[in-house]
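One structure is given here, and the rest of the page talks about it.
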Amino acid sequence: MEDEDTGTGNVRVVCRFRPLNEKEKAISMQVCVNFSPDNKTVLVRTSEGGEPTKFNFDYVFTPLATQRQVYEIAAKPTVEAIIQGFNGTIFAYGQTSSGKTFSMTGPDLYDEELMGIIPRMVSTVFENIVNADEHLEFQVKVAYCEIYMEKIKDLLDPSKTNLKVHEDKARGVYIADLTEKYVGSMEEVYDLMAFGTSNREVGYTHMNAGSSRSHSLFCLTLNMTNKKDLSSKTGKLYLVDLAGSEKVGKTGAEGKRLEEAKNINKSLTSLGQVITALTDGKSTHVPYRDSKLTRVLQDSLGGNSKTALIITCSPSPYNEAETISTLRFGIRAKSIKNKPRVNREYTVAELKLMLDKAKEEMVIKDKRILQLEGSLKTLGAAIPPSASGKDQPPEAAEEEQKNESSSEEEEKKEPEIQYIENKEMIQELEDTKLRLSEEVENSLKLKAEILKKDEEIEDLKEQNENLNEEVQSFEARYKLLEDTLTIKEERIDALTDMNASLESEIEALNDKVLKLSQKISEKTTENEQLIRQSTLERQVSSEDEFSKLKAELEEERGKTQWEKEKNQALTNELKLVQRRLDETISVGLPKMDKLRNEIIEEVTLKERERWNAEKRTIMKDLQTRVKQVIDLEIQLDELREVNRNIESNLSIGEKELKKKTDTLERNLEQLTLMYHQLVSEKSKMSVESKITEKKIARITDKNKKLEESLAIEKAKLAEALNQVQTMSNEMNDRSHRYSISIGNIRKTIQGGGGKVASRQTVMHPLMMPIQEERALKG
Ligand SMILES: Nc1ncnc2c1ncn2[C@@H]1O[C@H](COP(=O)(O)OP(=O)(O)OP(=O)(O)O)[C@@H](O)[C@H]1O
């Protein structure tokens, strides 16, 4: 539970699912969500299948939840906090058409069942006023505005369209010039709400015929004054209905709607970024100033406010993506931590009470100072100079002197033995302290050495890693060259094979040529023989035989001619083959030679040897370094062992003594510190007490004067009341329901004034037990 006046509290996040609407029902009657029986968890199934996603909230409202239940669980605690003087915020976040406005305002302000959080909140506030003690007086005022396209518009005075956000210490963040109307009854609030809502930017989208195109902020301020002690508290409640986050594709936004949608999505993104910065635990800057929405809600998000977030969702699978994104937003907002505190003003009596308490505390602290001074003296410690009265008010110094003399007397009474014992103990402690400091020094030296060795090892490790990398890259290069070599060797083999086959082809062709030449020469010889024979026979044979032989010879000649031609063709063919062969050889051979040279150039034996030598050196170096690392690690272990031994060598007695000395030293330090603090607090308090006394005197004086003028005013007021009543009746008749022409009168409502007027028995606020103080505009 939080402190009554202050505290930190996480933002309360509840989630509400509306029923399926007609459009969704037409697509599918299925829902994509399940709810846990304790209403804390919702499970969302996605169309992609798999395990449903689980989300936990402070409360989950199913589509069957009533408006009353939502109000009681989600909003009433915040509203009640306002009555105690806290600031509060309730805001609704969700996809467009998910039920934000339904939850915050409700479809009918006057319907008991359907009215939303805002009208119910108004009702709670007035009920509390009516049930409050008679000595309590209340003032209620409301403001209503919207943030549309990054501009703040006053919904109670639509002529103010671009209000600015300011910040000061007393008021925190506020909207400057925003119209605030004093109200005295629920009906007046409802009228203002209806008037403001009629000025809102609402538009048609495919998802929602009455879609809110702006973020709306309804603000109710409740001031409570206790007539007995004149103390007062002020609570401020923001009710925020955010514009719906939307996918422009789904909503069919275009033109003006598209511009609106972009602005809405931008400010909601800023809201998300603020929440991330507040909850991620590492952001140093919260971007409140990135949008008007986050700037206005600055106190509600991580500041002085009790905040509740209602996230609204559709249960339809059609909207599952938006639902999951909304639920995730809610989960993030859950971890925002706020620092709410009661906004109160102190009365004279309260101030007096505070002064008395401060005086009592001063007396207690004086006593404590005396005790501490005694203890310091016993321990032989010097008392700081401020104790002798320097830099102190005279009374404080006087009192100080008195205390000192009494403590001196006490000291005199102390037995001498005790003093000697203490002196010995101090000496013993000094010796131990000296010894321990030497040990500590040694240990520190060792630690420094270890650290140095650690650094060296780290360096070596780094070098080792670099070398490893080098070796790896070298090996990769080596492998690449080896691969290239293999490819080139393969190519040489192929060319050698080709060469061999060409050579054997040449050989075959040469054989053929040889055979043909032989055949030709055989045939030529044969011919010559035949010619010789015919000449011989011509000489010896008859003429017939000669002509027969001649014919034969002719035939033979023809044959020889054919053989000759054939031989010629073969020779030509041979020449052609020879030429082609020569050509191939002339092209192929230089190519082959070139390749061979290239390869020989690239991978000469010498280079390989050099690589291998280099590799061997690196490996050797690597091994040496690894050995060095191992040696150093061994050395380090040894040093650590030595250190451990030294530490454990301190005997248990010494350790205890050390502990004792430490404790004593700590105590001494603390005592000195406390002493200083108390002395300075004392001097501060005496100054403060003087100021407060003066303040009280001033306030009492003022109070007296106020009471006098109050009596005069009361008399005047009683006289004027009748006049005002008559006037207000006239005004009431004249004023239009939405035009709110009644002046902004500060209405003080007295607690315990009976029942709040219901709508059926509407009474003008001035007819109720209300005291009109004075007309105040703005
Ligand atoms: N819990 C509910 N029960 C019944 N009807 C609901 C509920 N929530 C919303 N609706 C209906 O759904 C429709 C859309 O709701 P509403 O206008 O509140 O959405 P919204 O989130 O404010 O949308 P926008 O962001 O576009 O302004 C309305 O017709 C409303 O009556």
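Nothing fancy with the numbering, it's 1 onward along the sequence.
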- Task: Check the pair L297 / V274 against side-chain contact (heavy atoms from CB on, under 4.5 Å), numbers first and verdict last.
- Result: CA-CA 10 Å; L297 290 180; V274 164; over 6 Å; no
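The two residues K54 and T41 make their nearest non-hydrogen contact at CG-CG2, 3.5 Å. Closest of all the heavy-atom pairs between S314 and T323 is O-OG1, 3.0 Å. Scanning both residues, R45 and P52, for their nearest heavy atoms gives CG-CB, 3.9 Å. Heavy atoms only, all atoms of each residue included: T312 and S98 are closest at OG1-OG, 2.8 Å. Nearest heavy atom pair, residue L268 against residue H215, reads CD2-CE1, 4.0 Å.
Panel note: side chain T294, backbone Y288; a donor-acceptor pair is recorded below 3.5 Å. Between the E320 side chain and the S47 main chain, a donor and an acceptor come within less than 3.5 Å of each other. No donor-acceptor distance shorter than 3.5 angstrom exists from the side chain of S325 to the backbone of A321, with no hydrogens or angles considered. In terms of modelled atom types and a separation under 3.5 Å, the side chain of S305 and the main chain of L301 share no donor-acceptor contact.
With sequence neighbours left out, the ring-ring contact (aromatic ring centres under 6.0 Å, His included) criterion links Y93 to F329.
Under the 4.5 Å side-chain criterion, counting only non-hydrogen atoms from C-beta, V165 is in contact with V173. Within the 4.5 Å cutoff, the side chain of V42 has no heavy atoms near those of the N56 side chain.
Taking a 6.0 Å sphere around CD of Q371, one finds it holds more than 12 heavy atoms contributed by other residues, nucleotides or ligands.
Applying the side chain to side chain contact (heavy atoms under 4.5 Å, CB included) test between K334 and each of I275, L309, V13 identifies V13 as the sole match. Looking at N10, N338, D299 one by one, the single match for side-chain hydrogen bond (donor to acceptor under 3.5 Å, both in side chains) with T307 turns out to be N338.
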